[in-house]
Structure formats: structure tokens, C-alpha cells
Amino acid sequence: KFKDINIDVNQGEIELLESKDNNIYIALKSNKNMKNTDYLNLDNNTDKLDITSKKGSKIHFLNNTGIEIQIPKSYNKNISIETDAGDVIANKDLNLNNLNITSNVGDVELNKNIKCKKFNIVNDTGDVDITSIDGSGSITSDVGDIDCNIEGLNQDIDITSDIGDIELGVNKDLSFKLDSDKKPTKIDIDLNNISEKGSSFYGEHGQNPNYAIKTHSDVGDVDIEYR
């Protein structure tokens with residue numbers, strides 16, 4: 001039914017799980033006796049499902065508040081998540097058109113296989129850990145490390161960490177260009193057509209690569225290896 005699932009909350013962990021049927025389930029997790037309606041507004045009157053914090057609702061972290069959203073395995077449209085403070089965790093495979101995650105404070109942990117045409121993951125303060133991603137888009141962290149396994153790309157992928165390390169794992173069978181604004185500290189993959197200009201580094205992996213993995217790091221190491 002829903003073309004878009006939009007989640008916008010001010011505090012608390014957000015966890016995506018797989019539902020056992022074709023329905024979407026939403027549960028508020030807290031050590032206090034609270035109902036979903038105490039904290040969340042749910043709007044499902046259109047082809048969008050909007051899950052938002054109630055205006056003025058602030059729940060202290062000591063309450064161990066979190067939102068658990070169970071999504072059917074078959075869902076393949078668009079998911080957007082925004083949070084001011086709290087981790088964003090995906091413990092289910094996602095096969096989507098678009099995935100957008102914006103977090104101000106907290107880690108982003110995508111623990112399953114992520115495949116989408118376009119993704120945009122932005123984390124101001126916190127680590128980004130991605131078990132497997134396939135698609136195109138950008139991953140950005142202002143302060144925090146990025147650890148990402150890239151299984152495929154259908155356009156360029158941009159990975160930026162202002163302060164923090166970038167650790168990349170790639171599939172051996174993947175063809176890509178590596179375009180980095182600094183020479184990686186560790187390169188444990190086979191690269192061809194290597195060139196260096198100033199601090200920038202370029203190399204190619206596989207046969208006739210069309211798309212690039214671009215890395216930008218102001219303070220921190222860049223490592224790349226097979227996984």
C-alpha cells in the first residue's frame with residue numbers, strides 16, 4: 001500500500017525488523033508504561049506512512065526509549081529516517097528504490113544486506129557501520145568512523161568522513177574506479193592504472209570499470225580490502 005515510509009523522531013533508538021507477514025507493525029519500547037500514542041503521531045491515510053514525534057514530546061534516554069518497526073520482506077519502495085539523537089539500526093534485508101537516513105547524534109548500523117537504487121546516509125556525530133550495500137549514493141559522517149562493505153554499484157558512491165577513519169570492504173568480482181582525495185593507508189586489493197597527483201589517489205579494479213567509489217577524509221585513515 002505505502003509508497004513511502006517516513007520516520008522523523010527527536011529521541012530514541014530506531015530499529016527496523018522484518019515482519020512475519022505483509023503488515024507493518026510499530027512498537028514503542030520503554031521501561032515506562034507508555035503507549036505509542038503518548039509519543040508518536042501515525043498518519044497512514046494516504047500512500048505514505050508518516051511516523052513522527054508528538055510536538056513537545058521529549059523522552060529522556062534513561063527511559064530506554066526506542067521505536068521498533070517491522071516491515072514486510074516484500075516491501076521495495078522508499079524509506080526515510082530522521083532522528084536528532086539515537087541509533088538507527090537495520091536488522092533486516094532491505095531492497096528499496098530509495099533509502100535516506102539523517103542522524104544528528106548516534107550510530108547508524110545496517111546489519112543486513114542493503115540494496116537500493118539510491119541511498120543517502122548522513123550522520124553528524126557517530127559511527128556508520130554497513131554490513132553490505134549495493135546501489136549508488138553517498139555516506140557522510142562529520143565526526144565518526146565509517147566501515148562499509150560494498151557489494152555492487154549502479155552509479156558512483158561517495159563516502160566522506162571529516163574526522164574519522166574510512167574502512168572499505170569490496171567484492172573481488174566488482175569493477176570500479178577508486179578516486180580518493182588522499183592515498184589510502186592500506187590497500188589490500190589489486191588495482192590497475194594507478195596515478196597520484198598531490199595528495200589524491202586514483203586506481204581501477206576489475207575489467208572496464210564504469211563507476212567510481214570516491215572517498216574524502218580530512219582527518220583519518222582510508223583503508224580498502226577484500227571482504
Side-chain angles (χ1 to χ4, degrees), residues 1-30 34-59 64-124 126-141 148 151-155 157:
K1 173 186 176 181
F2 299 115
K3 291 183 180 178
D4 300 282
I5 298 175
N6 301 316
I7 305 156
D8 186 352
V9 298
N10 49 38
Q11 282 189 192
E13 177 184 283
I14 298 170
E15 183 179 13
L16 304 183
L17 296 168
E18 189 167 299
S19 66
K20 294 182 171 59
D21 53 32
N22 290 322
N23 296 314
I24 296 174
Y25 299 93
I26 302 161
L28 181 65
K29 300 183 293 183
S30 174
M34 301 180 66
K35 299 177 181 178
N36 287 357
T37 52
D38 292 335
Y39 182 57
L40 299 174
N41 286 316
L42 304 178
D43 185 354
N44 60 358
N45 292 324
T46 64
D47 59 357
K48 296 180 181 180
L49 173 60
D50 292 323
I51 305 167
T52 59
S53 300
K54 283 198 169 181
K55 189 174 181 180
S57 65
K58 292 279 187 180
I59 300 179
N64 297 321
T65 306
I67 302 167
E68 180 183 287
I69 302 168
Q70 297 182 25
I71 300 172
K73 182 178 181 179
S74 60
Y75 184 79
N76 60 1
K77 303 299 183 182
N78 308 304
I79 294 178
S80 176
I81 299 172
E82 290 190 34
T83 177
D84 289 338
D87 296 340
V88 177
I89 302 170
N91 283 321
K92 76 174 297 294
D93 293 340
L94 295 173
N95 191 345
L96 305 168
N97 282 331
N98 295 286
L99 173 65
N100 292 292
I101 298 174
T102 302
S103 172
N104 287 334
V105 180
D107 296 334
V108 175
E109 301 175 18
L110 308 183
N111 297 321
K112 297 290 185 177
N113 297 320
I114 309 298
K115 185 172 184 179
C116 45
K117 293 178 181 177
K118 197 77 175 177
F119 56 82
N120 184 37
I121 299 167
V122 179
N123 198 10
D124 288 343
D127 296 335
V128 178
D129 195 343
I130 301 174
T131 297
S132 171
I133 199 159
D134 183 338
S136 66
S138 61
I139 303 166
T140 304
S141 176
C148 179
E151 285 296 318
L153 61 169
N154 54 38
Q155 294 285 337
I157 293 177

Inter-residue atom distance N104.CG - Q11.CD, 0.5 Å rounding: 11.5 Å
For the student: nearest non-hydrogen atoms of G135 and F119, plus distance: C-CE2, 3.8 Å
Euclidean distance, L49 CG relative to I69 CD1, rounded to 0.5 Å: 8.0 Å
CA sep, side-chain torsions, deciding dist, call: N76, N95, side-chain hydrogen bond (donor to acceptor under 3.5 Å, both in side chains): CA-CA 5 Å; N76 60 1; N95 191 345; over 6 Å; no
Test side chain to side chain donor-acceptor pair (under 3.5 Å) applied to E151 - qualifying residues, sequence neighbours left out: N171
Any donor-acceptor pair under 3.5 Å from N78 side chain to N98 backbone: yes
For the student: nearest non-hydrogen atoms of D107 and D127, plus distance: OD1-N, 2.9 Å
Interatomic distance, T83 atom OG1 to I14 atom CD1 [nearest 0.5 angstrom]: 4.5 Å
Residues which pass side chain to side chain donor-acceptor pair (under 3.5 Å) with S138, listed by chain and number, not counting sequence neighbours: N120
Minimum side-chain heavy-atom gap N97-K117 below 4.5 Å: yes
Evaluation steps, side chain to side chain contact (heavy atoms under 4.5 Å, CB included), between I121 and I130: CA-CA 11 Å; I121 299 167; I130 301 174; 3.9 Å; yes
Side-chain donor-acceptor distances from residues 109-116 under 3.5 Å, at least two apart:
residue : atom : partner : partner atom : Å
N111    : ND2  : N91     : OD1          : 2.9
N113    : OD1  : S132    : OG           : 3.4

L42 CG to I24 CD1 distance, which is reported to the nearest 0.5 Å: 11.0 Å
For the student: nearest non-hydrogen atoms of G86 and S103, plus distance: O-OG, 3.8 Å
Exercise: identify the closest heavy-atom pair between S74 and N22: OG-OD1, 3.7 Å
Results of side chain to side chain contact (heavy atoms under 4.5 Å, CB included) for D47 - residues two or more places apart only: K3
Minimum heavy-atom distance between K48 and F2, given as atom pair plus value: C-CD2, 3.6 Å
Non-neighbouring partners of S141 that pass side chain to side chain donor-acceptor pair (under 3.5 Å), sequence neighbours left out: none
Considering all heavy atoms, the nearest C148-I139 contact: SG-CD1, 3.9 Å
D8 vs T52, side-chain hydrogen bond (donor to acceptor under 3.5 Å, both in side chains): CA-CA, chis, key distance, verdict: CA-CA 5 Å; D8 186 352; T52 59; over 6 Å; no
Set of residues satisfying side chain to side chain donor-acceptor pair (under 3.5 Å) with respect to E68, sequence neighbours excluded: Q70
No-hydrogen, no-angle side-chain donor-acceptor test under 3.5 Å, N6 and D50: yes
Gap between atom CG of L28 and atom CD1 of I51 - 0.5 Å precision: 11.5 Å
I7 vs I5, side chain to side chain contact (heavy atoms under 4.5 Å, CB included): CA-CA, chis, key distance, verdict: CA-CA 7 Å; I7 305 156; I5 298 175; 4.3 Å; yes
Residue pair T102 / N100, side-chain heavy-atom distance below 4.5 Å: no
I101 vs V128, side chain to side chain contact (heavy atoms under 4.5 Å, CB included): CA-CA, chis, key distance, verdict: CA-CA 11 Å; I101 298 174; V128 178; over 6 Å; no
Spacing of CD1 belonging to I79 relative to CG belonging to L94, to within rounding of 0.5 Å: 5.0 Å
Pair K118-S136, side chain to side chain contact (heavy atoms under 4.5 Å, CB included): steps then yes or no: CA-CA 5 Å; K118 197 77 175 177; S136 66; 3.8 Å; yes
